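The structure under discussion appears below in the form of C-alpha cells.
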Amino acid sequence: NSNSKNSQRYYELLVDSYYGMGYCLVYMFSKLNAILYLDSAKILFDSIEPYYKDKFEAVNTKIKIEGAYAHLYVDAGEYDLALLNYQQVIKLKEDLIKQGKIDEVELAGDYFNFGLVQYYYR
C-alpha cells in the first residue's frame, strides 16, 4: 500500500539525516553530539532494516554508519572501538564483493585506515 511505502521511505530518509548530521559533527570534533546522531541513525536503521526493499541500499547505509563511528573513535583516541567498526565495514564490503555487487577496489581505503590505526595506535 502507498502509505506504508511512503512511511518506510520517510524512515529511511530520517536514518540518512541522522547519519548526515552525525558524520558532519564527527569532522567538527563534537564527539557527544556526533554520538547522539549516529546512535539515533543506528537504532532507527536497526529497527527498519528488515523492511528495506533495496537490500544493497540497506547494507550501504549500515556501512556508512559503521564507517562514521570508526572515524569518530579514531578522532577521540578510542582506537580499539575504531578497529571494531573498521572490521565491521570490511566484513560488510567483503560480503558485497562475494555477491558481485562491488569491486575489490572499494576495500582499499578501509584496509588502509584499519592498517594505520593498527600500526600507529596499538
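The first residue in the sequence is number 1, and the count goes up from there. Quantities reported herein were computed from a predicted structural model and do not represent experimental measurements.
- The only member of Leu84, Val26, Asp39 that meets side chain to side chain contact (heavy atoms under 4.5 Å, CB included) when paired with Tyr69 is Asp39.
- Residues Ala82 and Ala70 share a closest heavy-atom pair of CB-O, 3.6 Å.
- For Lys91, the salt bridge (Lys or Arg N to Asp or Glu O under 4.0 Å) partners at least two apart in sequence or on another chain are Asp95.
- Here Tyr23 pairs with Tyr19, Tyr27 under the ring-ring contact (aromatic ring centres under 6.0 Å, His included) rule; sequence neighbours left out.
- Looking at Leu96 and Ile63, their side chains come closer than 4.5 Å, going by heavy atoms from C-beta outward.
- In this structure, Gln118 and Tyr79 have side chains that are not in contact, with every pair of non-hydrogen atoms separated by 4.5 Å or more.
- Residues forming a side-chain hydrogen bond (donor to acceptor under 3.5 Å, both in side chains) with Tyr11 (at least two apart in sequence, or on another chain): none.
- Scanning both residues, Phe45 and Ala58, for their nearest heavy atoms gives CZ-O, 3.3 Å.
- Legend: salt bridge (Lys or Arg N to Asp or Glu O under 4.0 Å) pairs involving residues 14-23, not counting sequence neighbours, sorted by first then second residue: Asp16-Lys64.
- A single hydrophobic cluster is seen to contain both Met28 and Tyr18, as judged by linkage of ILVMFWY side chains at heavy-atom distances under 4.5 Å, directly or through other members.
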Kindly indicate, with the supporting measurements, whether the criterion side-chain contact (heavy atoms from CB on, under 4.5 Å) is fulfilled by Ile65 and Val15.
-> CA-CA 9 Å; Ile65 293 168; Val15 167; 4.2 Å; yes
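- Put simply, CD1 on Ile90 and CD1 on Ile97 are 10.0 Å apart, with the number rounded to the nearest 0.5 Å.
- By the salt bridge (Lys or Arg N to Asp or Glu O under 4.0 Å) test, Glu49 pairs with Lys62, sequence neighbours left out.
- Side-chain contact check for Ile102 versus Phe56: some heavy-atom pair is nearer than 4.5 Å.
- A single hydrophobic cluster is seen to contain both Leu14 and Met21, as judged by linkage of ILVMFWY side chains at heavy-atom distances under 4.5 Å, directly or through other members.
- For Glu78, the side-chain hydrogen bond (donor to acceptor under 3.5 Å, both in side chains) criterion is met by Lys31, not counting sequence neighbours.
- Interatomic distance, CG of Leu44 versus OG of Ser47, reported as 4.5 Å (0.5 Å rounding).
- The nearest pair of heavy atoms linking Gly22 to Ala34 is O-CB, 3.6 Å.
- Here Lys101 pairs with nothing under the salt bridge (Lys or Arg N to Asp or Glu O under 4.0 Å) rule; sequence neighbours left out.
- The ring-ring contact (aromatic ring centres under 6.0 Å, His included) check on Tyr37 picks up nothing, with sequence neighbours excluded.
- By the salt bridge (Lys or Arg N to Asp or Glu O under 4.0 Å) test, Asp75 is found to be paired with no residue, residues two or more places apart in sequence or in another chain being considered.
- No side-chain heavy atom of Leu116 sits less than 4.5 Å from a side-chain heavy atom of Val74.
- Side-chain contact check for Tyr73 versus Asn85: some heavy-atom pair is nearer than 4.5 Å.
- For the pair Ala68 and Leu38, the tightest heavy-atom approach, listed with the atom from each and the gap, is CB-CD2, 3.7 Å.
- The cluster map of Ile, Leu, Val, Met, Phe, Trp and Tyr, joined by side-chain heavy atoms under 4.5 Å apart, puts Leu32 and Leu25 in different clusters.
- Gln8 is linked by a side-chain hydrogen bond (donor to acceptor under 3.5 Å, both in side chains) to Glu12, counting only residues two or more places apart in sequence or in another chain.
- Going from atom SG of Cys24 over to atom CG of Asn33 covers 12.5 Å, rounded to the nearest 0.5 Å.
- In this structure, Ile35 CD1 and Leu72 CG are separated by 5.0 Å, a value rounded to the nearest 0.5 Å.
- For Asn60, there are no side-chain hydrogen bond (donor to acceptor under 3.5 Å, both in side chains) partners two or more places apart in sequence or in a different chain.
- Side-chain contact between Thr61 and Tyr52 is present, with heavy atoms from C-beta onward closer than 4.5 Å.
- Separating the CG atom in Asn113 from the NE2 atom in His71 is a distance of 5.5 Å, to the nearest 0.5 Å.
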Please step through side-chain contact (heavy atoms from CB on, under 4.5 Å) for the pair Phe114 and Leu83, ending with a clear verdict.
-> CA-CA 6 Å; Phe114 183 83; Leu83 289 172; 3.5 Å; yes
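- A continuous path of ILVMFWY side-chain contacts below 4.5 Å connects Leu92 to Val117, so both sit in one hydrophobic cluster.
- Residue pairs satisfying the salt bridge (Lys or Arg N to Asp or Glu O under 4.0 Å) criterion with at least one member in residues 104-119, sequence neighbours excluded, are listed as follows: Lys93-Asp110.
- Crowding of Tyr111 atom OH: a count of heavy atoms from other residues, nucleotides or ligands under 6.0 Å exceeding 12.
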